[in-house]
Amino acid sequence: MTAPYIGSKISLISKSEIRYEGILYTIDTKDSTIALQNVQSFGTEGRKKNGPQIPPSAEIYDYIIFRGTDIKDITMSGEPQNRPAAAPAQAAAP
């Protein structure tokens with residue numbers, strides 16, 4: 001069974017205050033990890049209170065696996081990309 005949110009755009013903030021955005025690829029409940037695909041790092045964006053801020057990166061990572069213990073916040077910011085389109089309704093024959 002596939003979770004309905006696989007393929008959704010996800011915004012994740014790590015405990016290091018770095019925000020990542022990518023497509024939810026998989027959830028591993030046994031290892032308490034999630035994997036994002038086509039991931040971009042937006043840096044700390046002013047969230048880090050102590051120490052230097054981390055700048056955003058222009059690089060797009062194929063995949064990043066996050067441990068649940070490293071995640072501070074996670075938000076679904078878009079519908080799944082691979083969800084099939086609904087079939088058009090058929091008109092009843094006269």
Side-chain angles (χ1 to χ4, degrees):
M1 180 173 107
T2 303
Y5 26 80
I6 299 296
S8 297
K9 186 174 182 181
I10 298 292
S11 179
L12 180 149
I13 298 175
S14 70
K15 289 204 175 163
S16 301
E17 301 293 349
I18 299 170
R19 181 170 67 94
Y20 298 89
E21 281 191 1
I23 305 302
L24 182 59
Y25 181 73
T26 189
I27 300 171
D28 186 332
T29 55
K30 180 180 171 241
D31 292 335
S32 297
T33 61
I34 69 165
L36 298 184
Q37 180 180 22
N38 300 328
V39 185
Q40 185 173 5
S41 169
F42 291 88
T44 51
E45 301 173 310
R47 279 182 295 278
K48 195 168 183 182
K49 302 299 179 208
N50 298 318
Q53 297 293 317
I54 308 294
S57 172
E59 185 173 353
I60 304 294
Y61 300 93
D62 290 334
Y63 295 92
I64 298 179
I65 298 173
F66 297 90
R67 293 182 299 224
T69 56
D70 293 335
I71 299 170
K72 179 179 177 183
D73 187 43
I74 187 166
T75 307
M76 187 171 81
S77 57
E79 291 295 316
Q81 294 181 348
N82 57 358
R83 184 173 284 175
Q90 301 255 341

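Numbers here simply count residues along the sequence, with the first being 1.
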Exercise for the section: Taking R47 for its side chain and E17 for its backbone only, find out whether a donor-acceptor pair lies under 3.5 Å. Expected result: yes

Practice task
Indicate yes or no for a side-chain donor-acceptor contact from T75 to the backbone of S77 under 3.5 Å, with no hydrogens or angles considered.
Solution key: no

Problem - Side-chain touch I18/S41, heavy atoms, less than 4.5 angstrom - result: yes

Problem - Side-chain heavy-atom pair I23, K9 within 4.5 angstrom cut-off - result: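 They are in contact (side-chain heavy atoms under 4.5 Å apart), so the answer is yes.
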
How long is the span from the [atom1] atom in [X] to the [atom2] atom in [Y], to the nearest 0.5 Å?
X	Y	atom1	atom2	result
I71	L12	CD1	CG	4.5 Å
T44	I54	OG1	CD1	6.0 Å
I60	Q40	CD1	CD	4.0 Å
Q37	Y61	CD	OH	16.0 Å
D62	N38	CG	CG	7.0 Å

Problem - Over 12 non-hydrogen atoms of neighbours within 6.0 angstrom of OH in Y25 - result: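 12 or below, so no.
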
Over all heavy atoms of both residues, which pair between [X] and [Y] is shortest? Give the atoms and the distance, please.
X	Y	value
L24	I27	CD2-CD1, 4.0 Å
M76	S8	SD-OG, 3.3 Å
S11	R19	OG-CD, 3.6 Å
I65	A35	CG1-CB, 4.0 Å
I74	I10	CG1-CG2, 3.5 Å

Handout entry: Worked check of ring-ring contact (aromatic ring centres under 6.0 Å, His included) between F66 and Y20
Key = CA-CA 11 Å; F66 297 90; Y20 298 89; 5.0 Å; yes

Practice task
Establish whether I34 and Y63 are linked, either directly or via other cluster members, by ILVMFWY side-chain heavy-atom contacts under 4.5 Å.
Solution key: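 Different clusters: I34 never reaches Y63 through Ile, Leu, Val, Met, Phe, Trp or Tyr contacts under 4.5 Å.
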
